[in-house]
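Encoded as structure tokens, the structure appears first; notes follow it.
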Amino acid sequence: MRRSQLFVKTRRQTPADEEARNARLLIRAGFIHKEMAGVYSYLPPGKMVLDNIKQIIREEMNAIGGNEVLMSTLQNKELWEATNRWDDKEVDNWFKSRLVSGTEVGIGFTHEEPLTNALKHFVSSYKDLPVYPYQIQTKFRNELRAKSGLLRGREFLMKDLYSYSRSQQEHDEFYEKIAGAYFKVFSRLGFSESITFRTFASGGVFSQFSDEFQVLSHIGEDTIYVDKAKKIAVNKEVYSDEVQAKLGLNKSDLSEEQAVEVGNIFPLGSKYSDALGLYFTDENGHKQSIIMGCYGIGISRLMGLLAEHFADDKGLVWPVSIAPFKVYLIRLGSSPTVVEAADSAYEQLTRAGVGVIYDDRDASAGEMFADADLMGIPVRVVISEKTLISASAELKLRTSKEPQIVPAQALAQTLEKQLQN
RNA sequence: CGGGGAGUGGCGCAGCCUGGUAGCGCACCGCGUUUGGGACGCGGGGGUCGCAGGUUCAAAUCCUGUCUCCCCGACCA
């Protein structure tokens, strides 16, 4: 993409109405726009980051048998009454509205009910199970207080997968499988297993207990106890002697840490399937309950955490896997030779499939360098009179101080090699 | 919802205490000069000072109410 065709602009100054580093950087770099507290829009580069995160999640979900669906946002009250989750006393963060006729509708904060209900049309035999539908979409929760930029919003992007299994054992096996897939997702996003912990926690409105995936971070609003050797963690909220014994932990091996919950998986048993009347017939012709689980990943929250985690005093520093563009191409100078060389470098990279943003503005050098840094693009390439003397281009990684000079003709190949690492 | 802070051109701020012609920087427009770390000169456009009442000859400024944003807490996926 040519920079001149990108409508967003970066800002020199930090927005006054944000305290959180993730929101400050993402707004300054032109990735998001704040609509109101806890509600953000995603601008072109921000949407690209979101799409990259989604794609990684999608690949890992598909790899374990997930089927992607898109669920409705408007929710039928009757389904939620069937599971006793409509009443504000049961779920206090519903957004609700009314049809012109006066009928109440909900605005989806999760989707167990409608999905389970829809599956009644497709699941009746043991041969139809297990199934693993999942969705990637906006959820709405009426938080008392939104905060920390993208980390706690009233409207946020989430991946939710729901499992429907024939037995507890089949469920348990999948539950472990998806836990493994989650670690793959987080590690591909840049959160290694050394800072990401599966954490024993409460199940909230979903179930008694759950497993959270917590990434250690000083901005985290959760406090967890971690046994780093055993790679087990417990949320402080549920910590008790009983839990300690159940997990085989030793108080002296635990360290207290702040962490951000990026994923949460819940065993649901047959609570929702039974309530909504979703059953299957087994090999012997007997009606059986279906064991469910639900598995969430906070996608917009992850984007916020990534921005928070991968940044320095100059701006964002995206991991290659999710950067909106891999290369920020800078054209220094406006003489015909420079323009021609930069245009051709742009074409070369685009043809090679390397995502590139080409700064073709007539801006000052410093401004373009500052933008490349602020936007956190992994590789910066400069074409100037100076580099053209030796038919080369200057290449600098966002994470390194020193640039390198590479032959302009071999730009694409060199970059492909660099981006591998 | 309790406590604290803040709303003044698109952005960042000053002015408010002590009422009297709304100001600065950035961004934007025009002309010219510049071009390896957020260039410079000259000229220009843009704001019912969050909103509503009140006090006053006169309100960005004082008073009351209200909305919004941020932080802490409570709560929460």
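Heavy-atom basis, side chains included; hydrogens, waters and symmetry copies ignored.
- Judged by a 6.0 Å distance limit and a 45° cone about the ring axis, A/K236 is not positioned over the six-membered ring of A/Y225.
- Residues from residues 255-273 of chain A lying near RNA chain B, meaning a heavy-atom separation below 4.0 Å, are A/E261, A/N264 in numerical order.
- Donor-acceptor pairing under 3.5 Å is lacking for the side chains of A/S270 and A/Y279.
- Between B/G43 and B/G7, the distance separating the two P atoms is 32 Å to the nearest Å.
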Please report the C-alpha distance between A/E385 and A/S335 in whole Å, then the side-chain angles of each, then the deciding distance to 0.1 Å, and finally whether the side chain to side chain donor-acceptor pair (under 3.5 Å) criterion is met.
-> CA-CA 8 Å; A/E385 299 283 1; A/S335 73; 2.6 Å; yes
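- Between the side chains of A/Q168 and A/D172, at least one donor-acceptor pair of N or O atoms lies under 3.5 Å.
- In this structure, B/A77 makes no Watson-Crick or G-U wobble pair, since no nucleotide meets both defining distances under 3.5 angstrom.
- In a base pair of the Watson-Crick type (N1 to N3 plus N6-O4 or O6-N4) or a G-U wobble (N1-O2 and O6-N3), with each distance short of 3.5 Å, B/A6 is matched with B/U68.
- Under the side chain to side chain contact (heavy atoms under 4.5 Å, CB included) test applied with A/V381, the options A/I330, A/L411, A/T387 reduce to a single match, A/L411.
- Atom CD of A/Q13 is separated from atom P of B/G25 by 13 Å (rounded to the nearest Å).
- Pairing partner, B/C13: B/G23, with both Watson-Crick or wobble hydrogen-bond distances short of 3.5 Å.
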Full working for side chain to side chain donor-acceptor pair (under 3.5 Å) between A/D373 and A/Y328 = CA-CA 9 Å; A/D373 288 341; A/Y328 196 104; over 6 Å; no
With the sugar-phosphate defined as primed atoms, P, OP1 and OP2, and the base as all remaining atoms, what B/S/- string results for nucleotides 67-76 of chain B, 5' to 3', for protein heavy atoms under 4.0 Å?
-> --SSBBBB-B
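- Separation of the C1' atoms belonging to B/G12 and B/G38 is 15 Å when rounded to the nearest angstrom.
- Separation of the P atoms belonging to B/A27 and B/G41 is 12 Å when rounded to the nearest angstrom.
- Separation of the C1' atoms belonging to B/U8 and B/G25 is 15 Å when rounded to the nearest angstrom.
- Searching all strands for a Watson-Crick or G-U wobble partner of B/C42 with both distances below 3.5 Å returns B/G30.
- Base contact: A/F156 has a heavy atom under 4.0 Å from a base atom.
- If you take atom P in B/A60 and the same atom in B/C16, they sit 14 Å apart, rounded to whole Å.
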Classify every nucleotide of nucleotides 33-47 of chain B by which part a protein heavy atom approaches to under 4.0 Å, writing B for the base, S for the sugar-phosphate alone and - for neither, in 5'-to-3' order.
-> --BBBBS--------
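- Defined by atom type and a distance below 3.5 Å, a donor-acceptor pair is missing between the side-chain atoms of A/D360 and A/Y346.
- One P atom belongs to B/G47, the other to B/U56, and the distance between them is 31 Å to the nearest Å.
- Under the 6.0 Å distance and 45° angle rule, A/K177 does not count as a cation-pi partner of A/Y132.
- Between the side chains of A/Q214 and A/T199, no donor-acceptor pair is found at a separation under 3.5 Å.
- Taking the ring centre of A/F369 as origin, the terminal cationic atom of A/R380 falls inside the region bounded by 6.0 Å and 45° from the ring axis.
- B/A77 atom P lies 10 Å from atom CD of A/E212, rounded to whole Å.
- For the residue pair A/Y182 / A/E60, no side-chain donor-acceptor distance below 3.5 Å is found, with atom types taken as modelled.
- Separating the C1' atom of B/C69 from that of B/C51 is a span of 15 Å, rounded to the nearest Å.
- As rounded to the nearest Å, B/C76 and B/A52 have P atoms that lie 39 Å from one another.
- The closest side-chain donor-acceptor pair between A/S165 and A/S163, if any, does not fall under 3.5 angstrom.
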